[in-house]
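By convention in this document, chain letters (A, B, ...) are assigned in the order of the sequence lines, proteins followed by strands, and residues within each chain are numbered from 1. Hydrogens, waters and symmetry mates play no part in the numbers below; they use all other heavy atoms, side chains included. Small disclaimer: the values here were computed from a predicted structure and weren't measured.
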Protein chains: 2
Amino acid sequence: MRTRDENKELIVREKALEMLVLQGLDGFSMQKLAKAAGVSPATLYIYYQDKEDLILKLGIQEGKRLSEATLKNFSPEMSFADGLKIQWINRSGFWLENKQSYDLFELLRNSTYREKIFAAINVEFRAIMGQFVRNAIQKEELIPLTLEVYWSIAFAPLHNLIRFHNDGRSVGGRPYTFSEKDMWEMFALVLKALKP
Amino acid sequence: MRTRDENKELIVREKALEMLVLQGLDGFSMQKLAKAAGVSPATLYIYYQDKEDLILKLGIQEGKRLSEATLKNFSPEMSFADGLKIQWINRSGFWLENKQSYDLFELLRNSTYREKIFAAINVEFRAIMGQFVRNAIQKEELIPLTLEVYWSIAFAPLHNLIRFHNDGRSVGGRPYTFSEKDMWEMFALVLKALKP
DNA sequence: CAAATATAAATGAACGTTTGTTTATTTTAC
DNA sequence: GTAAAATAAACAAACGTTCATTTATATTTG
C-alpha cells in the first residue's frame, strides 16, 4: 500500500490558508489551490470530502490553535485582574504571531461558514471561560453586570487594537503599529472601568 | 427615448444586498442576481460597469448612509461625554435598524474589496471625527492617550455588543438580545475609564 | 531474501454547470 | 423616428467534482 505524503498534505493546508487570506472566499477555488500546491485537483478529494469540508477543517484547525494558545498559563480560579491580564497576553501574542489565522477567522466569521465553525469551537474552552467570569462575580472582583457587557469591555478594545495593527491603519486611515505600551495603557483603563 | 425603470434599479440593489448578506461573496453571482431581481443579466451591465463596480457601489452607498446617520445631531465642538453619547445613540440606532447594512460592512471589511471601500469613505467624516478627539484632548476632557487607544475603548465595546445582538448569541453561544439598559451601563463604564 | 500481490495514494483528463460578460435584437417612451 | 433601455442568447473561461488509470509501498508468498 502506498503511503500518504504528509508533506504534500501540509503544503495543501498552507497554500489554502494563504489563498483564502489573500484572495478571499470568492477568489478561492479547488483548481487554483491544486495548481498552487503542485497536486492534482483529484488529490484534494482524497484529503477532503469537498470544498466546504476543506475550508471548515482549516478553520477548525486554526480555532484549536487559538484556543490552546489562549488557555496557556490560565486558570478559571485566578483573580479577575490576573486572569484578564494573561488572556490579553495570550490573545495579543497569538494574533500578532499568526496574522493569517487572525485573518482567516475574521473571514469565516463573516461568511456562510460561521455557524458551522462556531459549532465546532471547543466546548471545554467555553466552559472554562464561563467559569472564570462566574468566579470573578462571586468573589466580588466584578461589579455585577451581564456577561455580555463585561466581555465587551474586557476584550473588545484589545481585539480592536489588534485589528488596527493587522489592518496597518486605524481611524481615518492613520497608519498604526501595535505596541505593548499602548496595550498596557489600555489594560489599565479597562481595569479601571471594571473594578468595583 | 425609453426611460430607465428606477424601480427596477432599486429591486436590483435590494436583491444584491440580500444575496450578499445571505449567501456571502462566494455565493453571489451576476446571473443569480439577475434571476432574483427578474431582470436580464445584460441589464445589470447597463447599471454597472462590472461585478466589482456593483459590489463597490453597494458598499459605498451603505457607507454613506452610515456616515450620515452617525453625524446626526453631532458636532465636533461638543463636550466629549455629550459627543460620545450621541455617537453611541446614532451608531447603535443605525446598526439595529439596518442589520443588512451592518452585515454587508462586516463582509466587505474582510474581503479583497476592503481597500477600495475604505478609500471611498467620506473624507469629511474622517475630518470631523479627528477634530472631535483633538478638541476633547485640548479641553482636558480626555487623558492624553493615542487616538487608537481612545477609539478602541470608546467604540469597540459598543460595536461588540451590537455584534452579539446581530449574531443572536454572545460568549460561549449564550443567546443575547440587545437592550438599552446594557448599552447605558456600558456607556457609564467607558466614561469612567476615559475621564481624567 | 526477492518476487508477487494487494491496495491506497496520486494523477491527468474530462464531466456537466456556472461564471462574468458581450452581442445582436427588440421594446418603449419621448 | 430616435435613442436609450432592456432583453434573450451566446461566449469562453473557470468552477467543483469524478473518472479511469498509474504509481508507490507494505505485506504476503515462495
Note: contacts of residues 10-27 of chain A with DNA chain C (heavy atom, under 4.0 Å) are none
Closer than 3.5 angstrom, by distance alone: can the side chain of [X] be matched with the main-chain N or O of [Y] as a donor-acceptor pair?
X      : Y      : answer
A:Q131 : A:P76  : no
A:K32  : A:G27  : yes
B:K99  : B:N166 : yes

In whole angstrom, what separates [X]'s [atom1] from [N]'s [atom2]?
X     : N      : atom1 : atom2 : value
A:K51 : C:dT17 : NZ    : C1'   : 14 Å
B:E52 : C:dT19 : CD    : C1'   : 16 Å
B:Q49 : C:dG20 : CD    : C1'   : 14 Å

Closest non-hydrogen atom pair, [X] against [Y]:
X      : Y      : result
B:I60  : B:I117 : N-CD1, 4.1 Å
B:L44  : B:M30  : CD1-O, 3.3 Å
B:R126 : B:F118 : NH2-O, 3.6 Å
A:S152 : A:P157 : O-CD, 3.4 Å

Measure the angle between the two terminal helix axes of the helix from C:dC1-D:dG30 to C:dC30-D:dG1, five base pairs each, and quote it to 10°. 10°
Got a list of side-chain donor-acceptor pairs under 3.5 Å for residues 2-26 of chain B, not counting sequence neighbours?
| from | atom 1 | to | atom 2 | distance (Å) |
| --- | --- | --- | --- | --- |
| B:D5 | OD1 | B:N7 | N | 3.1 |
| B:D5 | OD1 | B:K8 | N | 3.2 |
| B:R13 | NE | B:Q61 | OE1 | 2.9 |

I'd like to check A:M183 versus A:H165 (side-chain heavy atoms, cut-off strictly below 4.5 Å). Are they in contact? no
ring-ring contact (aromatic ring centres under 6.0 Å, His included) with B:H159: which of B:W88, B:W95, B:F164, B:F94? B:W95
Please tabulate, for side-chain N and O atoms in residues 187-196 of chain B, each donor-acceptor pair with protein atoms closer than 3.5 Å (sequence neighbours left out).
| from | atom 1 | to | atom 2 | distance (Å) |
| --- | --- | --- | --- | --- |
| B:K192 | NZ | A:K192 | O | 3.3 |
| B:K192 | NZ | A:A193 | O | 3.3 |
| B:K192 | NZ | A:K195 | O | 3.0 |

Distance in Å, B:S67 OG paired with B:K72 NZ, rounded so as to fall on 0.5 Å steps: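 Between atom OG of B:S67 and atom NZ of B:K72 there are 15.0 Å.
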Kindly compute the distance separating CD1 (B:I55) from OH (B:Y113), expressed to the nearest 0.5 Å.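 Answer for the CD1-OH pair, B:I55 versus B:Y113, is 3.5 Å.
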Which parts of nucleotides 5-14 of chain C does protein reach within less than 4.0 Å, heavy atoms only, written one letter per nucleotide 5' to 3' as B for base, S for sugar-phosphate only and - for none? -BBBBBBB--
Students should find this one: the first and last nucleotides of DNA chain D, 5' to 3', lying under 4.0 Å from a heavy atom of chain B. What are they? D:dT2 to D:dA8
Pick base, sugar-phosphate or nothing for B:Y48, based on heavy-atom distances below 4.0 Å to the nucleic acid.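 Answer is nothing: B:Y48 stays at 4.0 Å or more from every strand.
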